[in-house]
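Below, read A as the first sequence line, B as the second, and so on, with proteins coming before strands; counting in each chain starts at 1. When reading the values below, keep in mind they use all heavy atoms of this one structure, side chains included, and skip hydrogens, waters and symmetry mates.
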Amino acid sequence: MQIVGHTTQQVVYAASRRRPFRINELLLIEDRIHSNSNPLGEVVETQSFNRYIPLATEHSDLVDRQVMENLAQLGYDIGADTIHLARIRILAELASPVSVGIAVRVPTFAEIRDFLIPRDPATGLVLGVIRGTEELTVGLPAQLSRVALLYQKDSGIMPQKGIPYIMDHWTWPEYPHIGIFGGSGSGKSFALRVLLEELMRQQLPGLILDPHFELSFTEPFPDLPASYREDFTRRSIVLMAGRDVGILFEELNAADLINLLQAAGEVTENMNNAIQTLHRRRDSFVSFSTRIRDLTRGLEEEQDLKRKLREDDGDGFREKQEIRRILGLVEKYKDRVGHVSTLRAISRRLNRLQTERIFTGGIEPIREAIMNRRLVVVQGPIWFLQVLGAYVIRKFYRERRQYQDAEQTGGEAPKFPPFIVATDEAHNFAPRSPEIPAPARSILRTIAQEGRKYGVFLILATQRPALLEDTITAQLNTKLIFRTIRSSDLEVIREETDLGPEEVRRLPYLGSGNAFVSSAAVGRTIAVRIRVAKTVSPHSRHPFLELKEDFIPPEEELGEALLTYLPLGDFNFDVHLGTLQQELKRRITIEEITCCLEDLVGEGIVEKKEMVLGVEYRRRED
Amino acid sequence: MLALDQGLQELLITVNSLLRDRTQNYPRRDAIRRYLREKIGTLQKRAPLKIDALRALADGRPLIGVDGSVHSYGTVFPHIIYCFRALASASTLSVEKGISRVDLFYPEMADHRREIEEIISQAAAGGEELAPETAAARAVRQRLAVLEVQVAMEAVNKYQPFAVLFDGGFLRYGGLAPAQWQEYRELSLAKDVVSIGIIEEIGTFDLARKVSAGFPEASPFSCDRELLFGILKKGEWLAVKEDLEFKKTYYTCFARPGYYPGAVAYDFFQEQTRRAAEFVPLLFGLTPQGGRGIPQWLDQVDAAVRITRGEMELLLASGLDRELRERLFVSQRERRTL
Ligand SMILES: Nc1ncnc2c1ncn2[C@@H]1O[C@H](COP(=O)(O)OP(=O)(O)OP(=O)(O)O)[C@@H](O)[C@H]1O
Ligand SMILES: [Mg+2]
């Protein structure tokens, strides 16, 4: 292998007659000029061709097959003139171009160790394998082997072929936030899961908003070797929004409440004033909404109520007292809350939040998990998560800031740890278009811009980077980019990452689980295959497999069960009938059983014998 | 210049009308084909090349392709360097592994200057006044032809081929390298090697003259190439009668191996005239239908032997001092584009 053609400081071509190049492989350029350290290069484009056989002729776009066959008859071997060519990007800054003719070779592991491995697996995030390093595993030390097993849908778990890709999260204060971009089925959720597993391994606390109900970590990935398994049950907790967690109304102040209501519809200046006026500290949902309802009624029916009060019809003392209370509210707030329609609008928004069960439960379980350095996954419908997420993130961020500011100024504030916020469908939480209401957008933007100072980091996954708020996109210092097809998304990737044109061209064709990692911390793009996850989503079964496993037709189910009771016959049907019914949780008749056994005889699984005591069915032996 | 030059355009239109008048007055295609059949030879359709026939023809021996290339550097005589390379490749090996020879010609070298003077005095003996530049050009052509015949000869000795394809007609070798060509001819005939010259640009007139004589009313064809354009059908060849002897001691036939409507010509040694009927189908089978009519193997040899501009630059950069290069060889014109 040697350098050919024109070269620059950044890009060279290498040619080889015998060895085809592999995309993304790292090669060492034995440059005499830069001899104190031979520069490394990465193969970004490969080609193999026979330079004497033209690709296209005037009338046919392929070589004339008949001619090639005839030539083969005369002994010609097309492979004999094949040349392998690679475009290599140099991964160092050179003062002058590499000279033509210089040899290129596969480096040894020792020669690239420092370059590829920023940390050892114990203190970094092991996300996968660096593609193109398959040949470099000779001499790979034990602590770097078998740390990133791979997975392929058809072949199952596979060994770690290559050098592990280890993300150095210690650089996050300088280069914060991660984006995970890619089209449907490209491997985002899979990668997010792997990343979260690594966070748990490092005991980094995190809040995960999971609109897909897929991020739980209790089920182990099938068929993992024992040495690779890891138990995350005590490092993570899944909470259901609206059941386990919600927002305690009593803890809201007027500003919080206004923020929340915004999620349910626009909040006008008038509404804003009205809420400021009417909300009281430690109001419950009931006390606050009743106040609004009563005031609404009072304003609408003021004259009516006053008349009722005047009429001495002897009717109930209590009703009069009620009317007096309402009129008292009217008296007190009449001039400060504007029109009834304003109050109505507030009620409508409140009711929406209430019916979505936003005000059920509190956020204490989330706080507790974060304080214990666990990963807390909140699952729920996306709209709920937006509202709850906005509230929780804002609150925690404030607490974290107060704590850290206090630490620095010597003040007093309750302890609050650094934490990570992660979510899939990030473009829903922080949409680019300002027209789309999104309660969490502003807090996510704030964290994107200044979260690193406080140790608060974002991990945002989305199918549609083009729809993600652009200041946030620009702040994601590390981007994992999976298969992407849409041109608008490709455009964003072209602008917002250091992916070269070759890589962008490959994006539409990446296999699931393959990604380019564009990282400001590393300063270049790395092609990575994400490792197999150690856990699976509880509902990642194929729907048809689910049918097979969970929706067994009754007769099949009965047949399965009967096999465990063999031998069966007239002599013991009634003995087993009771337990059988308990097992299958339904009524079963003797007829049904004989019928089913006859089927099994027909299938050749069971054989039938005439015995003294009548018929006997037994498992067929062979 | 952005717009088309109107003056030039008008001048071209007059050329066009002149040509159109003439071609309108040509004999019709079927008349020409009939004439060819009656007076010149037979029009034969391509017969598919059977693998067995191919094997029988080759009998385990390779096919050789021969080609040469020259690249010049410099613009003002005598400061022009010519680099030559000739290549004879056997189909059983990679093209590049063929037999190759290189040579160089620089009019300032004593030997070469003498060579030029010799050509001039030879011409003078025949009553011809040659400028040194013209003599040098002839020397260059001779050298290339000699080099090509030499590698062909070596290849015949080394590979024992069943056939040798040359890129170009036999007249050139006979004229420019007569001694070597004669030696090659004897060698190949003795070894029963069939030699074929593949002519892409037919430069002869004999056929045109003969046909035009048959149609005294029509405009005459200027050359064979013009005559044959569009006359043969795809996959057809014109087996010229043996007694016509267009080229002394060679036998030439014409063919249209693919889609391109123009014809190519194949030269054989006269002694092997009878082999044409066997070898034309082979040549058809080795020629891409969509190409320019050259057998694939010869095309590959052509690509491999060519001294490219890039290669020449690298060679010069490594072999000639920069200052000398600048002083003697780089023209103002080149400097302008550099
Ligand atoms: N690292 C990987 N190794 C092997 N297979 C993978 C990997 N990542 C993803 N896959 C395969 O691709 C499938 C889809 O991946 P995933 O669910 O992560 O896609 P996604 O990008 O989240 O898609 P969507 O946007 O539709 O949610 C997985 O079920 C798995 O079979
Ligand atoms: Mg997904």
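- The environment of B/R225 atom CZ is sparse: at most 12 non-hydrogen atoms of other residues, nucleotides or ligands sit within 6.0 angstrom.
- For NZ of B/K234, the number of neighbouring non-hydrogen atoms (other residues, nucleotides, ligands) closer than 6.0 Å is greater than 12.
- Closest non-hydrogen pair, B/S91 versus A/L74, comes out as OG-O, 2.7 Å.
- At most 12 non-hydrogen atoms from other residues, nucleotides or ligands lie less than 6.0 angstrom from NZ of A/K153.
- Each of B/L49, B/L54, B/L63 was checked for a side chain to side chain contact (heavy atoms under 4.5 Å, CB included) with A/Q73, and the lone residue meeting it is B/L54.
- One N or O on the side chain of A/N70 and one on the backbone of B/G285 form a donor-acceptor pair closer than 3.5 Å.
- Heavy atoms of other residues, nucleotides or ligands lying less than 6.0 angstrom from CZ of A/R524 number more than 12.
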